[in-house]
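Data first, discussion second: the structure below is written as structure tokens.
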Amino acid sequence: MTMLTLSKAINAGLHHALADDDRVLLLGEDIGRLGGVFRVTDGLQAEFGADRVVDMPLAESAIIGAAIGLAFRGFRPVCEIQFDGFIYPGFDQIVAQLAKLHYRTKGAVRMPVTIRVPYGGGIGAVEHHSESPEAYFAHTAGLRVVTCSDPQDAHTMIRQAIACDDPVLFFEPKRRYWTKGEVLDDLPADPLAFTRARTVRAGTDATLVAYGPLVQTALEAAEAAADEGVDLEVIDLRSLAPLDVDAIAASVEKTGRLVITHEAQRSGGIGAELAASITERCFDLLEEAPVRVTGFDTPYPASALEDHFLPDLDRILDGVDRALGRRSSASAAGRAEARPVTGGEGRR
Amino acid sequence: METHTQFPQDSDERGGDAREPVPVDHGCVQLLDPDGVRQEDALYDLFVADLGHAELLALYEDMVVTRRIDTEATALQRQGEIGLWPPSLGQEAAQVGSARVLRRGDFVFTSYREQAVAYCRGVELDQLMAMWRGTALSGWDPFAVGMATPAVIIGAQTLHATGYAMGCQRDGSDAVAVAYFGDGATSQGDVNEALVLAASFQAPVVFFCQNNQYAISEPVGLQAQRPIADRAPGFGVPSMRVDGNDVLAVTAAMRIAVDRARSGGGPTFIEAVTYRMGPHTTSDDPTRYRDESEVVSWRAKDPIARLERLLESEGALDETARAHVASVADAAAARVRAGCLALPAPDPLSLFDEVYATAHPGLERQREEYRSYLAMFDGGAR
Ligand SMILES: Cc1ncc(C[n+]2csc(CCOP(=O)(O)OP(=O)(O)O)c2C)c(N)n1
């Protein structure tokens with residue numbers, strides 16, 4: 001067992017993947033000598049050579065498109081997109097090519113391509129460096145979209161993603177790159193473990209679902225709620241597509257209440273999909289409508305405003321209050337307009 | 001597998017030396033003029049010196065057969081049996097001449113108009129029709145024929161070819177990858193990115209551009225103010241510009257490019273200057289954007305007619321040979337028609353097949369939902 005930061009944990013995972021399978025290649029901008037702008041690939045080119053850890057021209061479509069061709073040839077490319085906001089030039093190759101080749105060829109062509117994307121805000125960066133584009137990809141059949149939240153999961157999940165025969169978008173919560181944690185090398189027996197949600201805190205009063213950078217915030221919110229006597233179950237989704245609806249439904253069966261939090265814009269987001277899926281499945285078990293606590297439907301703002309944009313502990317607790325049917329602050333006022341709250345106290 | 005499929009084996013089949021650097025030449029190379037008269041070219045002649053009558057007849061047969069396939073498919077579209085067809089009429093020399101240079105172990109990435117390439121790779125004719133009849137997104141197994149599923153998004157496949165070529169390099173294989181695309185595609189970012197990438201890594205890939213003068217209605221001048229072949233050297237990719245209606249020039253250029261790629265010399269760009277004699281697709285109305293006189297002038301440059309004239313003048317195309325080629329073409333047309341009409345309608349639940357390589361519970365749930373929905377109709381349920 002070793003203590004590693006999340007970025008080092010991914011580095012170690014990539015190291016394993018490169019060492020275990022010589023068909024694994026890393027492709028990206030500045031990933032070689034520099035070791036990536038976040039140093040996630042630090043030292044890998046020195047060890048495995050410039051043919052395995054390939055510094056690519058500055059062309060995202062080329063990185064993904066070449067990975068597709070390499071996969072045709074039997075390689076397992078792992079692409080690094082330097083920052084979330086730069087994935088758009090590669091979008092066409094991802095959604096129109098990579099996602100569909102297996103289906104289009106009736107399974108003859110496998111596309112074991114992993115695309116690593118440092119994503120999300122909270123680091124005070126300039127424009128295009130703090131985005132959460134996961135929903136675009138989650139909407140595309142044929143892709144797996146996953147994200148990790150702590151060093152152990154980062155390590156295990158990246159290895160499982162690379163071993164998976166489906167294309168995987170692997171979103172790395174960049175503001176957690178420096179979070180430290182214990183990391184074991186063992187892989188779970190289930191090769192799809194990385195696609196299943198996990199309960200990070202058991203509780204009975206409400207289900208709080210988070211992923212990536214907000215899992216830590218959700219856990220902090222749960223601690224704060226516990227001080228007020230509210231027992232939250234916190235679930236780390238891990239997989240944004242496919243969604244592990246079964247796991248969330250099982251939790252909601254227990255708690256009757258659902259709060260979903262993510263940094264990405266609310267509309268058309270992962271929270272919307274999960275809320276709809278759970279409402280379809282568990283309508284009769286829900287005590288209140290599912291609640292979303294998310295970024296706003298604005299572009300990611302200038303860094304001086306990001307603390308307002310990003311859901312924090314207080315906004316999550318406010319969401320929990322709503323899910324518990326408690327009157328609270330601005331959101332309750334909004335609700336009151338839409339549907340008068342009965343009962344003087346708010347809590348029903 | 002089609003019986004006509006023939007791939008050159010490992011032997012070097014032409015006179016020139018593959019490793020000899022070939023100069024970038026942006027004149028339009030022509031070895032066979034529209035009247036079927038051989039034109040001399042000291043360099044390119046070397047690369048087709050070994051082609052005797054038997055080989056020329058084989059190329060002639062392929063071109064006639066693929067034109068016949070094209071005619072039959074167009075008819076099937078007019079009869080409502082397929083939804084759409086993009087004719088390759090006029091581009092037979094470019095496609096056959098280039099594809100016949102390749103070996104079985106090479107891999108081609110095309111767009112949607114390369115039926116003659118598909119035929120040369122050995123794609124079964126019913127499989128060829130499946131995409132257009134709408135019974136499959138792609139009819140064939142790419143690995144069985146060394147040809148990827150056609151790319152409809154313009155230019156995307158040039159990157160796949162480059163990536164595949166980078167893989168060949170890593171495998172220490174002498175296989176090469178070929179990207180086929182049109183003149184319109186050269187405006188796309190992906191094609192330009194592919195050229196950068198191929199040059200940077202000296203990937204064994206051939207960029208084969210069929211400049212058929214139009215991107216639907218847009219003339220090539222809207223994509224390029226200079227000959228398209230001029231662009232590649234700026235990327236560090238040597239290029240050739242050949243008469244794309246001249247199967248000998250196309251063969252020579254492709255051999256130069258493929259030999260260069262195979263022997264570690266890196267990528268090459270070929271611009272085959274040709275003409276799309278038919279509409280863009282069966283849905284297109286070319287009279288809106290080009291004069292009939294233009295078509296007439298290009299008809300005089302027909303790729304099949306000129307090879308026919310050469311073979312006739314050399315006494316290599318007698319009635320027996322002609323009848324043989326006609327019967328092969330008719331048989332292919334019959335296979336296109338019968339194969340197309342016999343394509344089974346896919347099972348509705350196959351909709352859900354092969355979206356992922358590994359299980360996806362949400363999708364399985366949707367399959368089950370739809371299965372039980374359909375069952376309401378079978379079972380006589382209300
Ligand atoms: C990215 C993209 N944009 C637009 C289209 C629609 N489209 C289909 S074919 C075509 C023209 C392509 O011309 P060219 O590359 O010269 O090939 P050709 O059809 O002449 O063989 C267009 C615009 C497309 N398929 N893909």
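Owing to the predicted nature of the structure, the values given are computational and were not obtained by experimental measurement. Chain identifiers are assigned alphabetically (A, B, ...) following the order of the sequence lines, protein sequences preceding nucleic acid strands; residue numbering begins at 1 within each chain.
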Can you list the residues that meet the side-chain hydrogen bond (donor to acceptor under 3.5 Å, both in side chains) rule with B:H280, with sequence neighbours excluded?
B:R113
Closest-packed option against chain A by number of heavy-atom pairs under 4.5 Å, given B:R170, B:M131, B:H360:
B:R170
Could you state the interatomic distance from CD (B:Q169) to CG (A:D51), rounded to the nearest 0.5 Å?
7.5 Å
Solution key, residues 148-157 of chain B side-chain donor-acceptor pairs under 3.5 Å, sequence neighbours excluded:
residue	atom	partner	partner atom	Å
B:T149	OG1	B:S138	OG	3.2
B:Q157	OE1	B:G155	N	3.4
B:Q157	NE2	B:Y180	O	2.6

Which one wins on heavy-atom pair count under 4.5 Å against chain A: B:D141, B:T358, B:L363?
B:T358
By salt bridge (charged side-chain N to carboxylate O under 4.0 Å, His left out) - contacts of A:R238 (at least two apart)
A:D153
Which of the residues A:S277, A:A108, A:G142, A:G107 is involved in the greatest number of heavy-atom pairs with chain B at under 4.5 angstrom?
A:G142
Heavy-atom contact with chain B under 4.5 Å, split by part of A:F72
both
Atom CG in B:L197, atom OG in A:S61: separation rounded to 0.5 Å?
10.5 Å
Pick from A:T195, A:D92, A:I63 with the largest number of heavy-atom pairs that fall under 4.5 Å of chain B
A:D92
Could you check whether B:D353 pairs with A:K106 (Lys NZ or Arg NE/NH1/NH2 to Asp/Glu carboxylate O, under 4.0 Å)?
no
Quick check: does any side chain N or O of B:E193 sit under 3.5 Å from a backbone N or O of A:A62, one acting as donor and the other as acceptor?
yes
Gap between atom CZ of A:R73 and atom CG of B:D171 - 0.5 Å precision:
4.5 Å
Residues 52-60 of chain A vs chain B, non-hydrogen distance cutoff under 4.5 Å, contacting residues -> A:V54, A:D55, A:M56, A:P57, A:A59, A:E60
Max heavy-atom pair count under 4.5 Å with chain A, selected residue of B:G362, B:G139, B:C168, B:G163:
B:G163
In terms of heavy-atom proximity below 4.5 Å to chain A, should B:A165 be classed as side chain, backbone, both, or neither?
neither
Taking B:H160 for its side chain and A:I68 for its backbone only, find out whether a donor-acceptor pair lies under 3.5 Å.
no
Between A:D246 and B:R365 (salt bridge meaning N to carboxylate O under 4.0 Å), is one present in this structure?
yes
Heavy-atom contact with chain B under 4.5 Å, split by part of A:D22:
neither
Out of B:T158, B:D190, B:T162, return the one with the most heavy atom pairs under 4.5 angstrom to chain A.
B:D190
Does any heavy atom of chain B fall under 4.5 Å from the side chain of A:L192, the backbone, both, or neither of them?
side chain
Donor-acceptor contact present, side-chain A:D166 to main-chain B:A357, <3.5 Å:
yes
Contact origin within B:L351 toward chain A - heavy atom pairs under 4.5 Å:
both
Structural part of A:I64 lying under 4.5 Å from a heavy atom of chain B:
neither
Please examine the side chains of B:F143 and A:V109, heavy atoms only from C-beta on, and report whether any two atoms are closer than 4.5 Å.
yes
What part of A:R104 gets closer than 4.5 Å to chain B, counting heavy atoms only: side chain, backbone, both or neither?
both
Are the aromatic rings of A:Y103 and B:Y356 close, with centres under 6.0 Å apart?
no
Should we say atom OH of A:Y136 is surrounded by more than 12 heavy atoms from elsewhere, each under 6.0 Å from it?
no
